[in-house]
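Notes follow once the structure below has been shown.
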Protein chains: 2
Amino acid sequence: MLQTGSRTTTREAIHSAAARLFQDQGFSRTTVRQIAAAAGTDPALVIRHFKSKELLFLETMHLTIDDEPLLDAPLEHLGERLAELLVELDGPARGVFLALVRGSNEPQIHERLRDTHEHVFIAPLRRRLSGPDADVRARMAAALAGGLLYALWVAGDEGLLRTDRTELVSRYGALFQGVLTPRSG
Amino acid sequence: MLQTGSRTTTREAIHSAAARLFQDQGFSRTTVRQIAAAAGTDPALVIRHFKSKELLFLETMHLTIDDEPLLDAPLEHLGERLAELLVELDGPARGVFLALVRGSNEPQIHERLRDTHEHVFIAPLRRRLSGPDADVRARMAAALAGGLLYALWVAGDEGLLRTDRTELVSRYGALFQGVLTPRSG
DNA sequence: GACGGGGAGTCAACATTGTTGACCGAACTT
DNA sequence: AAGTTCGGTCAACAATGTTGACTCCCCGTC
């Protein structure tokens, strides 16, 4: 009654087709009819399953990154680990991040981006820090991280894109480290 | 023939109405009919004057910032000046920046954002720097700047928004300074 | 075993979007 | 005075997201 095999298959076909298309083309350039065609079904069915294009977007576009390299890194190497993590980041994460940023004209997508920034970038760093200004330092490091992804992916700075990755990791690692660890401590 | 008073008035009415609406609502949420209504004219006329909604957007959304505080600042205070400039930034610049970022799903808008990043953020800093890695340092500072605006405006980090502005200027000023001036120089 | 109900699927329609073409009118040129 | 050019108006077009009516099939109940 709740699922007879074919039903969830269709729903999941829509889900995965939407995920792929949204990652590749963003929110506005992806049409419900495209999603339906890619899933081999009908546009009306897409809406029936997910209420609206925007809700389907929110249900498919979840940004997560692998925390582990940060959690078990010694504090004095946290900066470099974070830089490595970000510079090597790619694949679905790139598409989801871009879709969230570029779709944030829609209020609900904007809220999702705000949440993502808080829970994916700020929170993991905040947990490793202490001291009265720990919160500001975590938020600044998150702003640095967002700035790196912004420069590489959103603005598309070709100079940075051409820069040697190990140099980028080293430079940004030092930056992160300086922000995360207390002044000259 | 080229302008008989009323013609440029209408064209400029469209231009300024579009600028205001695009800044407030972004590209996708602003409709040609809205612009026409705000300018007291017809949707078809909007297209006739500017060829397309996207070209109208590109003609109205130019991001510029006042360079002077950077040009005449002594090198050792460049970082703080830049931080001041960014933290105090607001008004049209905010709307234009957000519209460019969120509209960058459209290839031409993306290209405009790329150009803006290159000419508004990177170039002025690059001119003040020298040394073999001057280019990378300028691009990293620009990425930091983009990250600050990203965190404040795009992601909407409420923690940073609540942070005392002078503290933000001081912290980011030091960051900029460390990136702009050569290692331990 | 027949029957009814509910949910998946299909089709056509709706309002809204950006854009185009046909027509109108006035003003400037010759 | 005639004609051309250009701004303005109106209606229409295709494409978009979304909704409603209808069909069909599977399940549980008499």
Side-chain angles (χ1 to χ4, degrees), chain A residues 1-22 24-61 99 102-109, chain B residues 1-22 24-61 99 102-110 112:
Chain A
M1 181 183 295
L2 264 178
Q3 36 198 43
T4 77
S6 146
R7 296 179 188 174
T8 57
T9 295
T10 292
R11 196 190 150 90
E12 284 178 7
I14 295 174
H15 186 99
S16 75
R20 185 171 48 82
L21 289 169
F22 281 141
D24 289 353
Q25 312 181 341
F27 180 73
S28 63
R29 296 181 71 86
T30 301
T31 107
V32 172
R33 284 169 173 83
Q34 262 180 22
I35 298 172
T41 177
D42 192 275
L45 214 30
V46 174
I47 298 296
R48 263 247 279 252
H49 274 304
F50 294 91
K51 295 296 179 189
S52 77
K53 179 186 172 186
E54 193 170 351
L55 287 178
L56 171 56
F57 179 90
L58 290 173
E59 203 143 325
T60 50
M61 296 288 103
R102 292 174 171 162
S104 63
N105 234 340
E106 313 294 322
Q108 303 199 53
I109 300 182
Chain B
M1 177 185 297
L2 264 180
Q3 37 199 39
T4 79
S6 148
R7 296 179 189 175
T8 57
T9 295
T10 292
R11 195 191 152 90
E12 283 179 6
I14 294 174
H15 187 99
S16 74
R20 185 170 48 82
L21 287 169
F22 281 141
D24 289 354
Q25 312 181 342
F27 180 72
S28 63
R29 295 181 72 84
T30 302
T31 129
V32 172
R33 285 168 172 84
Q34 262 181 20
I35 298 172
T41 178
D42 192 275
L45 214 26
V46 174
I47 298 296
R48 262 248 279 252
H49 275 303
F50 295 91
K51 296 296 179 189
S52 77
K53 178 187 172 185
E54 193 170 352
L55 288 177
L56 172 56
F57 180 90
L58 291 172
E59 203 143 325
T60 50
M61 297 289 102
R102 292 173 171 161
S104 64
N105 234 342
E106 313 293 323
Q108 304 199 52
I109 299 182
H110 179 239
R112 166 65 57 84

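Both backbone and side-chain heavy atoms feed into the values below; hydrogens, waters and symmetry mates do not. Keep in mind the model is a prediction, meaning the values are calculated, not measured. To find a chain, count down the sequence lines: A is the first, B the second, and so on, and within it residues start at 1.
- Considering only the side chain of B:Leu45, D:dT9 comes nearest among D:dT19, D:dT9, C:dT19.
- As rounded to whole Å, 11 Å separates atom C1' of C:dG6 from atom CZ of A:Arg48.
- In this structure, CG in A:Leu56 is found 13.0 Å from NZ in A:Lys51, a value given to the nearest 0.5 Å.
- The heavy-atom pair separating B:Leu58 from B:Arg112 by the smallest distance is O-NH1, 2.8 Å.
- Each of A:Arg33 and B:Asp42 lies near DNA chain C, and the nucleotide nearest A:Arg33 is the one positioned closer to the 5' end.
- Each of A:Lys51 and A:Gln34 lies near DNA chain D, and the nucleotide nearest A:Gln34 is the one positioned closer to the 5' end.
- In summary, B:Lys53 and B:Glu59 do not engage in a salt bridge, as defined by a charged side-chain N under 4.0 Å from a carboxylate O.
- Side chain of A:Thr31, nearest nucleotide from D:dT16, C:dA8, D:dG8: D:dT16.
- Comparing C:dG21, D:dT19, C:dG9 against the side chain of B:Ala44 picks out C:dG21 as the nearest.
- One atom, NZ of A:Lys53, and another, P of C:dT17, lie 14 Å apart when rounded to the nearest Å.
- We find that CD of B:Glu54 is positioned 14 Å from C1' of C:dT19, with the value rounded to whole Å.
- We find that CG of A:Leu21 is positioned 12 Å from P of D:dG17, with the value rounded to whole Å.
- Within the 4.0 angstrom heavy-atom criterion, only backbone atoms of the sugar-phosphate kind lie near B:Thr30; the bases stay farther away.
- In this structure, the separation between CZ on A:Arg33 and CD1 on A:Ile35 is 11.5 Å, given to the nearest 0.5 Å.
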